[in-house]
Amino acid sequence: MPAYSVKMQFDRAVPMRDAVTLSSDLYLPDAPGKWPCVLMRTPYSNATPENIEKARRLANHGYAVLIQDVRGRWDSEGSYYPFLQDADDGFDTQEWIGQQPWSNGRIGMVGGSYLGWVQWQSALRRSRHLTCLAPRVMCGDLYSGLVYPGGAFQLNVMMTWGMRTSAHTAQDIHYHNWTEVFETLPLRDAIEKAGGSMPFWRDWLDHPTYDDYWEQADTETRWGEITVPALIMGGWYDLYSKEAFTNFNGMRQHSGSDAAKRSRLIMGPWPHRLSQSSKCGDVDFGAQSQLDLEAVELRWLNHWLKDLETGTTNEADEAPLRLFIMGSNEWRDETEWPLARTDWQDWHLHGLGSANTARGNGYLSREEPGEETPDRYEYDPLFPVQTLGGGNCCSPEIVPWGPYDQRPAEMRPDVLCYTSKPLEADLEVTGPITLVLHAATDGLDTDWTAKLCDVHPNGYARLLCDGIQRARYRESRTEETLLQPGKIYVYEIEVGVTANVFRKGHCIRLDVSSSNFPRFDRNLNTGQPCADDASPRTAKQTVYHAGAYPSRLKLPVIPR
């Protein structure tokens, strides 16, 4: 293929249906002709070096590239309000592109995080010009995927990301005392304490249940309206790891065309920034963990926008699912999620009533429990368990992301640890992880957290995935139901997704507690509205694992 020189046109004013114009930079091959277009819509400035380099590289390969500042950001007109304006604006931009003299009428979209969100949203509008997507690290359901996972407010992300993007240009947030800001009570006042002004912050807090506010932009209820294929990319330590598979299954099973049902997913051992280093958190997964995602994406675009295949591989006919298996540190192609050959195993919680800390007597095994003493701890919202890595975003220098040693948290008396015996052979766990927890508290509401860890022979406890469940939303995310103090309830906690080989001699560990702060806001255990509560109380927590209350970890074991 020829390598084209590039010509550029800056600050093109693209009109929206309400006469607001959005600033767009255009990169074109410097040659006669009409070109397929790659569209990138961003709140992070269309003039970053990374965007410019990517646009020029794609133009070298014969694509027109339009990078657009979303409404109310940088050089674009209008007022910025995240997430809810992007369907119409994306559609209007695609229709405008289709009418330009340099356009051949085909459009693909690329980009990650918010740049992935705008892809899912505009696809719902079905522009005749939109042909394919390549969304990275983004959910389709804002409520459960981003703002309220398990019903708990995802504090770190919503506050740090929100502060950064709340004005026309980027705000520097590194001079705040984040420890103090995160601890602000009531939560509603936290933004003002940090000197910010975020109208949407109050809207997020005013809608703690899944209602019309969230439904209006929920892709997961509308898969059938999407008719273009998506190359989805995610990371095991991204905050949207579980949602990557939700999107994959939604597109493969429920989308509105045969082409869309040929969507694919690539999942690597990465945080929110995909494949930028072999090292994630504490762990170096090796050079083999790195993929040239730009090259993979280009093959995808060539297939759908140019009907072009390279070599002997038909891009769209490759395996739909490519997974990096941690522990063995290898890539493997699969066809479905969860894997059809999964052996769903119950690993039961056991103990003698003192599972507190990693030195306690809690343990995991395949044996069903008999009559056992429950485990107890006190959860004090003023002394929460600190976040130690995991699927966080978007400021790892403020709250770290990735796999880190959980032993500092596991030495707290308010963390229950259930550890298997050292494994006699390698054990692969690949799939969604669920904890069925029988538990009680002495208050009207509380939180339950769960972490899955791979414990090495030297004691290092590598975090694989974690989750949370706010008790008042145990039955429904649309309505809250407070607790009866002292009553035993059953909670199904989505711990997350993973693909990991526990090596021979390693142990499987489950950590159970009631806080993971500041990744999630603290439940003050009062039953009052969480955003406005400023009167924390200590909760007395009890976890049961007797025959009548079989708390268990459901593991997707893959035969090897």
Side-chain angles (χ1 to χ4, degrees), residues 143-145 148-154 208-210 242 344-351 355-356 362 364 368-369 372-379 381 384-385 390-391 414-418 431-453 464-497 509-517 519-527 530 539-556:
Y143 179 83
S144 295
Y148 285 100
F153 188 66
Q154 193 153 213
T209 60
Y210 181 86
K242 180 172 66 70
W344 297 97
Q345 296 185 2
D346 285 341
W347 286 67
H348 292 272
L349 282 60
H350 294 275
N356 315 73
L364 285 176
E368 295 186 5
E372 299 183 2
T373 304
D375 295 303
R376 294 179 169 86
Y377 64 93
E378 291 189 350
Y379 158 50
V385 178
D414 57 350
V415 177
L416 305 180
C417 299
Y418 302 92
I433 313 297
T434 303
L435 171 62
V436 180
L437 188 71
H438 295 254
T441 184
D442 67 346
L444 298 174
D445 189 29
T446 196
D447 287 349
W448 303 101
T449 64
K451 297 177 182 177
L452 178 66
C453 299
L464 294 174
C465 56
D466 56 15
I468 191 168
Q469 180 62 54
R470 183 145 292 173
R472 67 175 72 190
Y473 302 119
R474 67 198 178 278
E475 297 176 353
S476 169
R477 64 178 189 166
T478 60
E479 296 181 7
E480 66 174 41
T481 306
L482 296 179
L483 303 173
Q484 179 179 327
K487 181 178 178 179
I488 302 173
Y489 293 91
V490 181
Y491 301 89
E492 290 203 6
I493 303 172
E494 294 182 348
V495 186
V497 293
R509 177 174 292 161
L510 170 71
D511 295 342
V512 175
S513 192
S514 293
S515 53
N516 184 353
F517 180 81
R519 180 177 179 187
F520 303 107
D521 72 323
R522 296 163 292 173
N523 195 317
L524 303 190
N525 304 316
T526 66
C530 294
K540 296 181 179 180
Q541 317 288 62
T542 307
V543 171
Y544 295 84
H545 41 75
Y549 306 109
S551 294
R552 58 201 183 275
L553 187 63
K554 301 180 75 67
L555 293 182

Electrostatic pair R552:D346 at N-O distance under 4.0 angstrom: yes

How close do P149 and I468 get, heavy atom to heavy atom, and via which atoms? O-CG2, 3.4 Å

Check whether any side-chain heavy atom of L452 sits under 4.5 Å from a side-chain heavy atom of D466, and report yes or no. no

Between Y377 and S514: side-chain donor-acceptor atoms closer than 3.5 Å: yes

State whether a side-chain donor-acceptor pair under 3.5 Å links T446 with Q541. yes

Taking only residues at least two apart or on different chains, which pairs with a member in residues 435-449 satisfy salt bridge (charged side-chain N to carboxylate O under 4.0 Å, His left out)? D442-R537, D445-R472, D447-R470

Under a plain distance cut-off of 3.5 Å, with no hydrogens placed, do Y544 and D375 share a side-chain donor-acceptor pair? no

Using a distance-only test with no angle check, is there a side-chain donor-acceptor pair under 3.5 angstrom linking N516 and T449? no

Exercise: identify the closest heavy-atom pair between Y473 and E479: CD2-O, 4.0 Å

Under a 4.5 Å cut-off applied to non-hydrogen side-chain atoms, are L483 and R474 in contact? yes

Check the side chains of R477 and S144 for a donor-acceptor pair under 3.5 angstrom, ignoring hydrogens and angles. yes

Could you grab the distance from atom CG of N523 to atom CG of N525, nearest 0.5 Å is fine? 5.0 Å

When the ring centroid of F520 is compared with that of F153, is the distance short of 6.0 Å? no

For S515 and F517, indicate whether the former's side chain and the latter's backbone hold a donor-acceptor pair under 3.5 Å. no

Taking the side chain as everything from C-beta on, heavy atoms only, tell me whether V436 gets closer than 4.5 Å to K554. yes

Test L510 against L349 for side chain to side chain contact (heavy atoms under 4.5 Å, CB included), laying out the working first. CA-CA 9 Å; L510 170 71; L349 282 60; 3.8 Å; yes

Quick check: closest heavy atoms across V497 and P432, and the distance to 0.1 Å? CG1-CA, 3.9 Å

Which heavy-atom pair separates A440 from W448 by the least distance, and what is that distance? O-CH2, 3.6 Å

Name all residues meeting the side-chain contact (heavy atoms from CB on, under 4.5 Å) criterion together with E372; count only those two or more places apart in sequence or in a different chain, and write none if there are none. H350, P369, H545

Please report the C-alpha distance between R509 and Y418 in whole Å, then the side-chain angles of each, then the deciding distance to 0.1 Å, and finally whether the side chain to side chain contact (heavy atoms under 4.5 Å, CB included) criterion is met. CA-CA 6 Å; R509 177 174 292 161; Y418 302 92; over 6 Å; no

Pair V415, V512 - check side chain to side chain contact (heavy atoms under 4.5 Å, CB included), show working. CA-CA 6 Å; V415 177; V512 175; over 6 Å; no

R376 versus N356, closest heavy-atom pair with distance: O-ND2, 2.8 Å

I want to check something: taking the side chain as every heavy atom from C-beta on, are L464 and V495 in contact at a cut-off of under 4.5 Å? no

Decide yes or no on side chain to side chain contact (heavy atoms under 4.5 Å, CB included) for H348 and L364, but give the supporting numbers first. CA-CA 5 Å; H348 292 272; L364 285 176; over 6 Å; no

Side-chain donor-acceptor distances from residues 485-494 under 3.5 Å, at least two apart:
residue : atom : partner : partner atom : Å
Y489    : OH   : Q484    : N            : 2.8
E494    : OE1  : K242    : NZ           : 3.2

